[in-house]
J.: 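Below is the structure I would like to discuss, written out as structure tokens.
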Number of protein chains: 2
Amino acid sequence: MDDSCCTPADGTAMTAGRAEEVAALLKALADPVRLRLVSLIASTAAGEACVCDLNEAFDLTQATVSHHLKVLHTAGVLDRDKRGVWAYYRVRPEALAAVADVFSSPALAGVRA
Amino acid sequence: MDDSCCTPADGTAMTAGRAEEVAALLKALADPVRLRLVSLIASTAAGEACVCDLNEAFDLTQATVSHHLKVLHTAGVLDRDKRGVWAYYRVRPEALAAVADVFSSPALAGVRA
DNA sequence: CGATCATATCGATGACTGTCGATACCGCCG
DNA sequence: CGGCGGTATCGACAGTCATCGATATGATCG
């Protein structure tokens, strides 16, 4: 009867609740436009970018870019700072680090060779 | 006229093409069920799991679990290995490492404090 | 105050996606 | 060979999402 089929999990796996959290964060980042937005903001010398610049970087409506920024902000990836007429966004490094941690953690990446 | 508003990007940002690639990978992972699937498989002693186990771990139809496995396989996150009647999936560590790398890279995470 | 400009919000629309039941495919066992 | 059981695929449906044009909000300038 060899091994029926199963190699049971050892309880190390991610809980359903944590999976929901991580999925929410990933969903915010799983879009080409939003990835480029984050990348653009992160690559500025000041560590922040104003919406006027971001609008011009894409072939999209101002409404659409604003929507993407809102999604990233709601997910905790970006911080908003309105100064005068202009709005500035900056990256929250903890959010990105959280993603890096999940996929560097032995529980996931540590599939021992 | 102070600083009109802009802090221009320095060309370090992610290209549109790369953003598409990364987004495709993230989209495959940005789902609670799929995250748990990957986690379950990665946490097995053998580094692989058969579909019969995975089906029982969720309150979902066998068709739905199979669909999620296909998405992960197509995205390059999982390897499939059909042995006899049973199908075994294992995690491709490179795929997860790729995600970890993107979000550890100075271009994104290196927003200096 | 009124005009103007930057940004956010709203409502609509077309595309995509997670889920299901049903069914097809394919090794296996008797 | 015929039936059985595990897995993948198909078609449908409901919910979500990216995008847009139009409009609201709110700060600045003349």
Side-chain angles (χ1 to χ4, degrees), chain A residues 1-7 16 19-20 23-38 40-41 48-75 77-90, chain B residues 1-7 16 19-20 23-38 40-41 48-75 77-90:
Chain A
M1 49 108 229
D2 54 53
D3 56 357
S4 68
C5 82
C6 307
T7 36
E20 294 275 357
L25 183 53
L26 288 181
K27 241 167 55 169
L29 291 165
D31 180 284
V33 174
R34 292 201 283 266
L35 277 178
R36 288 178 63 200
L37 279 171
V38 173
L40 273 174
I41 297 171
E48 67 180 8
C50 91
V51 176
C52 61
D53 284 335
L54 300 175
N55 279 332
E56 291 172 4
F58 297 89
D59 214 14
L60 292 172
T61 302
Q62 176 261 327
T64 301
V65 173
S66 187
H67 164 70
H68 285 305
L69 289 170
K70 179 180 187 171
V71 171
L72 287 168
H73 178 241
T74 303
V77 177
L78 295 182
D79 265 344
R80 184 187 300 169
D81 180 25
K82 195 152 191 175
R83 293 203 292 273
V85 197
W86 293 296
Y88 293 82
Y89 284 87
R90 61 174 54 236
Chain B
M1 47 106 231
D2 50 54
D3 56 0
S4 67
C5 84
C6 306
T7 37
E20 294 275 357
L25 184 53
L26 288 181
K27 244 169 49 172
L29 291 165
D31 180 284
V33 174
R34 292 202 281 268
L35 276 178
R36 288 178 64 202
L37 278 171
V38 172
L40 273 174
I41 296 172
E48 66 179 9
C50 92
V51 176
C52 62
D53 283 336
L54 300 174
N55 279 331
E56 291 172 4
F58 297 88
D59 214 14
L60 293 172
T61 302
Q62 176 262 326
T64 301
V65 174
S66 186
H67 165 69
H68 285 306
L69 289 170
K70 180 180 186 169
V71 172
L72 287 167
H73 178 240
T74 302
V77 177
L78 296 182
D79 264 343
R80 184 188 300 172
D81 180 23
K82 194 153 193 175
R83 292 203 293 273
V85 196
W86 293 297
Y88 294 82
Y89 284 86
R90 63 174 52 236

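Below, chain A is the first sequence line, B the second, and so on; all start at residue 1.
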J.: Could you tell me the separation between the CD1 atom of A:I41 and the OH atom of A:Y88, rounded to the nearest 0.5 Å?
T.: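 Separation between the atoms: 12.5 Å.
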J.: Specify the separation, in whole Å, of atom CG of A:D59 and atom C1' of D:dA18.
T.: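 Value for this atom pair: 15 Å.
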J.: Quick one: do A:V77 and A:L25 satisfy side chain to side chain contact (heavy atoms under 4.5 Å, CB included)? Show the steps, please.
T.: CA-CA 8 Å; A:V77 177; A:L25 183 53; 3.7 Å; yes
J.: Calculate the interatomic distance between B:F58 atom CZ and D:dT7 atom P; express it in whole Å.
T.: 15 Å
J.: Under 4.0 Å, counting only non-hydrogen atoms across every strand here, what does A:L60 touch: a base, just sugar-phosphate, or nothing?
T.: sugar-phosphate
J.: Any chance you could measure A:L69, atom CG, to A:T64, atom OG1, to the nearest 0.5 Å?
T.: 11.0 Å
J.: Mind listing the residues from residues 26-36 of chain B sitting with a heavy atom below 4.0 Å of DNA chain C? Number order is fine.
T.: B:K27, B:D31, B:R34
J.: Please state how far atom CG in A:D81 lies from atom P in C:dT7, giving the value in whole angstrom units.
T.: 12 Å
J.: Distances under 3.5 Å only, N/O to N/O: pair up the protein atoms with those of nucleotides 22-30 of chain C.
T.:
none

J.: What closest approach, in Å, do A:L35 and B:A23 show between heavy atoms, and which atom pair accounts for it?
T.: CD1-N, 3.5 Å
J.: Measure from CG on B:L69 to P on D:dA8 and round the result to the nearest Å.
T.: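 Checked: the CG to P distance equals 7 Å.
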J.: Could you give the CH2-to-C1' distance, from B:W86 to D:dG5, as a whole number of Å?
T.: 10 Å
J.: Is there a side-chain contact between B:L29 and B:L72, using heavy atoms and a 4.5 Å cut-off?
T.: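 Heavy-atom side-chain distance check passes, below 4.5 Å.
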J.: Please check the phosphate of C:dT7 (OP1 and OP2 only) for any side-chain N or O of A:R80 closer than 4.0 Å.
T.: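 The answer is no; no side-chain N or O of A:R80 sits under 4.0 Å from OP1 or OP2.
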J.: Which atoms form the tightest heavy-atom contact between A:R83 and A:E48, and what is the distance?
T.: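 The pair with the smallest heavy-atom distance is NH2-OE2, 2.7 Å.
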J.: Expressed in angstrom and rounded to an integer, what is the separation of B:L37 atom CG from D:dT7 atom P?
T.: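 Spelled out: CG on B:L37 to P on D:dT7 is 13 Å.
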J.: If we fit an axis to the first five pairs and another to the last five of the helix from C:dC1-D:dG30 to C:dG30-D:dC1, what angle do they make, to the nearest 10°?
T.: 10°
J.: Which of these nucleotides, D:dT9, C:dT19, C:dA8, is closest to any side-chain atom of B:K70?
T.: D:dT9
J.: Round to the nearest Å and state the distance from B:H68 atom NE2 to D:dT7 atom P.
T.: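 About 17 Å, once rounded to whole Å.
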J.: Quick one: pull up CG in B:D81 and SG in B:C50 and give me the separation to the nearest 0.5 Å.
T.: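 SG of B:C50 is found 11.5 Å from CG of B:D81.
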J.: Whether the side chain of A:R80 engages the backbone of A:A87 through a donor-acceptor N/O pair (distance < 3.5 Å, no angle test) should be reported.
T.: no
J.: Nearest to the side chain of B:H67, heavy atoms from C-beta on, is which of D:dT19, C:dT7, C:dT19?
T.: C:dT19
J.: Can you tell me how far apart CG (B:L60) and CG (B:L37) are? Round to the nearest 0.5 Å.
T.: 9.0 Å
J.: Using a cut-off of 4.0 Å on non-hydrogen atoms, how would the nucleic acid contact of A:Y89 be classed: base, sugar-phosphate, or nothing?
T.: sugar-phosphate
J.: Could you check whether any side-chain heavy atom of B:F58 comes within less than 4.5 Å of a side-chain heavy atom of B:R36, counting everything from C-beta outward?
T.: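 Yes, at least one pair of side-chain atoms sits under 4.5 Å.
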J.: With rounding to the nearest 0.5 Å, note down the distance linking CD in B:Q62 to CG in B:L54.
T.: 11.5 Å
J.: Please report the distance, rounded to the nearest Å, between CG in A:L54 and P in C:dA8.
T.: 10 Å
J.: Between OH of B:Y89 and CG of B:L78, what distance do you get to the nearest 0.5 Å?
T.: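 Between B:Y89 OH and B:L78 CG, I get 7.5 Å after rounding to 0.5 Å.
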